[in-house]
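To keep things clear, I will list the structure first and then write my remarks on it.
For ligands, and for the atoms within them, numbers begin at 1 and follow the listed sequence.
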Amino acid sequence: VLAYLDDQRLFRQLAYCNGKWVNGDADTPVMNPATGEILGYTASLSAAQVNQTIDDAQAAFHLWRAESVETRAERLMQWHDLVMDNQHDLAHLMVLEQGKTLREAEGEIAYGASFIRWFAEEAKRVYGDTMPSHIPNAHLATLREPIGVAALITPWNFPSAMITRKAAAALAIGCSVIVKPAEETPFSALALAELAERAGIPAGVFNVIMGDAPMVSTQLCQSDKVKAMSFTGSTRVGRLLLEQSAHTVKKCAMELGGNAPFIVLPDMDIQQAARAAIDAKFQTSGQDCLAANKILVPRDKYQAFVDAFAALMDELEVGNGLLPSTDIGPLISSRAVDKAQALVDDAIAKGATVIGGKLNPNLGENFFAPTLVTKVTPDMLVYQEETFCPVAVVIAYDDLDQAIAMGNDTEYGLAAYVYGNDIRDIWRCLRGLEVGMVSVNSVKMTGHPIPFGGVKQSGLGREGSRYGIDEFSEIKYYCLGGL
Ligand code: ADP
């Protein structure tokens, strides 16, 4: 790892609790998914250490919330600048532990940093309301207050930005946070802690803990001192955390799975649609909750689309994310490869046709060739599930209502893509799709100004935008009577 870094102190293997780097009970190895090599170890904390961190974060919260918003914003801006100054090192650390391409990793660091700047600015403009009084001789108004200690549990597909998108909102409004990164990608989180410390974010305000995930989560959920639970990950784990958080009635923000439809409208240019669908499908090797999961194409253009998509897919280079020629890195684990293969096998067994992309046989066991599945029917797992791998699914539709119905035929409701020109068709999709985000004629949809989040079982709450602060704050109403 150290050979790739300009600043070797960004490679941290200990947990960061209350401003100290601490050892745990045991060490957990972290693998490079591209090579299978062990990159390093992280400290696995005990339940007592987790609880101590919660107590310290609670104490730090009272000091941090009492700072002026200007001071908090300055600390955050410094953190932002340090993240961008170290973009090269942070991106390399991410490629090593996550596998994505260096280009994608650099993009994620900039994307993640943009939330820090956004919320540093946004926190200065969090206003209350005054209401005309229905009570004689009274003044009615609201304040917005930080909720308290926030637990942030984050996934391995975006190891840096899923932390900053939550933490920046929480810190800006005056909360302290305890981050529990995914065990696959702790080093990106720990490097953020190192930079937060250098930015002068006080001890106990930004903590990064690791350990057995169910144990750590149980401690966080059961603690009455933890007031908010913000999670990004699978719907399965999200449900578990909601259940566990019920006991202490925490405010929960959940960014869960997606099953994004990509609707090609009848008047869309097929080459352009295929190019966009490739981009919307294969980013982060398809391990993205925004990935285009079901590509829906008018029946009379179906074959032309499949041919165009297959030709573009064939150009994609699969390999180690550190090589500039690589378009698609490895999957996170061999378990993810087995799951991808099981989806394809299920589709073939049920009558699908599969077109495989290129894969150099010398690559390690975590690589999976980009794959196109056609002749898909609703009984196949690739139709029903979030694939979370580089397997593209193209389905023909006869009329737009059917396309929208197929797009909605899932428990998820995160995002959708619509490609075409006719404004009436676009509007029908916009209104008909049961999702939190619709992107028309653009693969890129996310960023600091927009409310990111889903409906149905894709989650609760929104991240980024002016709404992102809601998850970490409470409205306090007051009535000044007898005036
Ligand atoms: P994936 O299946 O894509 O790895 P998960 O939802 O399992 O996604 O993981 C996201 C986060 O949830 C990670 O930080 C992981 O450690 C955590 N996690 C996984 N299993 C559990 C669990 N049983 N209880 C609490 N947290 C968990």
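For ligand 1 and Ala213, the ligand atoms under 4.0 Å from any heavy atom of the residue are 16 (O), 18 (N), 25 (C), 27 (C). Close contacts of ligand 1 with Gly233, meaning ligand atoms under 4.0 Å from a residue heavy atom, involve 6 (O). Contact atoms of ligand 1 toward Lys180: 13 (C), 14 (O), 15 (C), 16 (O) (distance under 4.0 Å to a heavy atom of the residue). Atoms of ligand 1 lying under 4.0 Å from any heavy atom of Thr154, numbered from 1 in the order shown and given with element: 11 (C), 13 (C), 14 (O). Residue Glu183 has at least one heavy-atom neighbour below 4.0 Å for each of these atoms of ligand 1: 15 (C), 16 (O).
Residue Gln219 is tested with Val226, Val50, Leu45 for a side chain to side chain contact (heavy atoms under 4.5 Å, CB included); the sole match is Val50.
Per-atom contact check: atom 9 (O) of ligand 1 does not touch the protein, criterion being a heavy-atom distance below 4.0 Å.
For atom 5 (P) of ligand 1, the closest heavy atom belonging to the protein is Ser234 OG, 3.6 Å. Closest to atom 27 (C) of ligand 1, if we only count protein heavy atoms, is Val237 CG1, 3.5 Å. In terms of protein heavy-atom proximity, atom 12 (O) of ligand 1 is closest to Phe231 CE1, 3.3 Å. Of all protein heavy atoms, the one closest to atom 22 (C) of ligand 1 is Pro214 CG, 4.0 Å. Taking atom 3 (O) of ligand 1 as the reference point, the nearest protein heavy-atom neighbour is Trp156 NE1, 3.4 Å.
Listed for the Arg75 side chain is no donor-acceptor partner under 3.5 Å among the backbone atoms of Ile201. Looking only at distances, no side-chain donor or acceptor of Ser188 sits under 3.5 Å from a matching main-chain atom of Ser160. At distances below 3.5 Å, not a single donor-acceptor pair connects side-chain atoms of Asn366 with backbone N or O atoms of Ala34. With hydrogens and angles disregarded, a donor-acceptor distance shorter than 3.5 Å links the side chain of Asn157 to the backbone of Gln287. Using modelled atom types, no side-chain atom of Glu386 and backbone atom of Ala291 make a donor-acceptor pair closer than 3.5 Å.
Heavy atoms of Ser217 found under 4.0 angstrom from ligand 1 belong exclusively to the side chain. Residue-level proximity to ligand 1 for Leu240 is carried by the side chain, the only part with a heavy atom below 4.0 angstrom.
In this structure, CE on Met313 lies 7.0 Å from CD1 on Ile278, to the nearest 0.5 angstrom. In this structure, Glu122 CD and Tyr467 OH are separated by 10.5 Å, a value rounded to the nearest 0.5 Å.
A cation-pi arrangement is absent between Lys166 and Phe119 under the rule of less than 6.0 angstrom and at most 45 degrees off the ring axis.
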